[in-house]
Amino acid sequence: MGTLGSGNHFIEVSLDETDRIWLFLHSGSRGVGNKIAQRHIKAAQEYCRDHNISVPDRDLAYLEEGTAEFDRYIRELMWAQHFALLNREEMMDRVVHCFNRWLGREVVEQERINCHHNYTTPETHYGRKVWLSRKGAIEASVGRPGLIPGSMGTASYVVVGKGFKPSSNSAPHGAGRGFSRNAARKKFSLDELRAAMKGIEYRDTAAFIDEIPGAYKPIDVVMEDAADLVEIRHTLRQIVNVKGD
């Protein structure tokens, strides 16, 4: 609890269009969600085999609602999602505490937004109760606040959902990668990373070459494409970026 992780996970100090300070972080269930998923993927494969359920590919195996196997999966899934939320809350409390010490006075916290991505939840769409999975997406129901980060050197956005039904009230979680990590390491250099991060305080190390902004899709294009999904409340620019390597 309270650990950031590596890859695209980050803690940032950002400024909005009026130079108000935003403390921004991205992290999840810290691997436990993946471990739970792997166990239940195997359980689903065994379930289909034992019940003579034929699927085109064994990775499409599933668990049927109403069974003990399904209930256990959902129970552990929800635990992992709640852990991810609490993990972010714990880290944000620590970041605020660090900022208090640096300022020498208490931070006045005006708003806190904590939104899931890569998660499953029961919802009703088109009159049907369903289990909806958002992969690389956040909830964007009418009035729902959300966060859409770009990359470690580009803009991020504070948004509010518009409730666009064809997207199942969803919006992109972030820019998304344009290059895989291996491809980015072959294409970009440490000097290019330094140039892209000019004006932003960060750890100058080759460990982050695969996180260079050029490895991600242009966030402004992503936001244009999401115009029907969310309304932009604030545009953020980083002044400090912290990543784990």
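Note that the structure is a prediction, hence the values are computed from the model and not measured.
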With a 4.5 Å cut-off on side-chain heavy-atom distances among I, L, V, M, F, W and Y, is there a chain of contacts connecting V159 to V142? no

Examine I148 and V221 and state if one hydrophobic cluster contains both, with Ile, Leu, Val, Met, Phe, Trp and Tyr joined whenever side-chain heavy atoms are less than 4.5 Å apart.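 Per the 4.5 Å side-chain linkage, I148 and V221 are not co-clustered.
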
Sorted by chain and residue number, the side-chain contact (heavy atoms from CB on, under 4.5 Å) partners of T18 (sequence neighbours excluded) come out as D16, R20

Heavy atoms of H173 and H26 approach each other most closely as NE2-NE2, 3.5 Å

Run the side-chain donor-acceptor check on residues 75-82: report pairs under 3.5 Å with partners two or more places apart or on a different chain.
unit_1 : atom_1 : unit_2 : atom_2 : d
E76    : OE1    : R39    : NH2    : 2.5
E76    : OE1    : H40    : NE2    : 2.9
E76    : OE2    : R39    : NH2    : 2.8
E76    : OE2    : R72    : NE     : 3.1
Q81    : OE1    : T120   : N      : 2.8
Q81    : NE2    : T120   : O      : 3.1

Report yes or no: does K162 contribute a side-chain atom to a donor-acceptor pair with the main-chain N or O of A140 at less than 3.5 Å? no

Would you say the side-chain atoms of N87 pair up with the backbone N or O of G28, donor to acceptor, closer than 3.5 Å?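 Confirmed, N87 side chain pairs with G28 backbone.
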
Using the ring of each side chain (for Trp, its six-membered ring), is H234 parallel, tilted or perpendicular to W22, with breaks at 30° and 60°?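 Ring orientation, 0 to 90° scale: tilted.
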
Test ring pair (Phe, Tyr, Trp, His ring centres under 6.0 Å) applied to F24 - qualifying residues, sequence neighbours left out: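 Applying ring pair (Phe, Tyr, Trp, His ring centres under 6.0 Å) to F24 gives F10.
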
More than 12 foreign heavy atoms under 6.0 Å from OH of Y73: is that the case here?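 12 or below, so no.
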
If you define the side chain from C-beta out and look only at heavy atoms, does anything of R185 sit under 4.5 Å from F179?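 No. Closest side-chain heavy atoms not under 4.5 Å.
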
Regarding R181 and E211, does a basic nitrogen lie under 4.0 Å from an acidic carboxylate oxygen?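 Between E211 and R181 there is a salt bridge, with a charged N closer than 4.0 Å to a carboxylate O.
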
Do the side chains of K186 and D210 get close enough for a salt bridge, i.e. N-O under 4.0 angstrom?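 Salt bridge absent between K186 and D210.
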
Who passes salt bridge (charged side-chain N to carboxylate O under 4.0 Å, His left out) against E139, sequence neighbours left out?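 E139: salt bridge (charged side-chain N to carboxylate O under 4.0 Å, His left out) contacts with R144.
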
Under the salt bridge (charged side-chain N to carboxylate O under 4.0 Å, His left out) test, which residues partner D93, sequence neighbours left out? R112

How long is the straight-line distance from [atom2] of [Y] back to [atom1] of [X], given to the nearest 0.5 Å?
X: L63; Y: C48; atom1: CG; atom2: SG; value: 7.5 Å
X: K217; Y: R177; atom1: NZ; atom2: CZ; value: 11.0 Å
X: E12; Y: N241; atom1: CD; atom2: CG; value: 4.5 Å

Qualifying salt bridge (charged side-chain N to carboxylate O under 4.0 Å, His left out) pairs, either residue in residues 116-128, two or more places apart: E123-R134

How about T154 and S151: does a side-chain donor come under 3.5 Å of a side-chain acceptor?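 Yes, side-chain donor-acceptor contact under 3.5 Å.
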
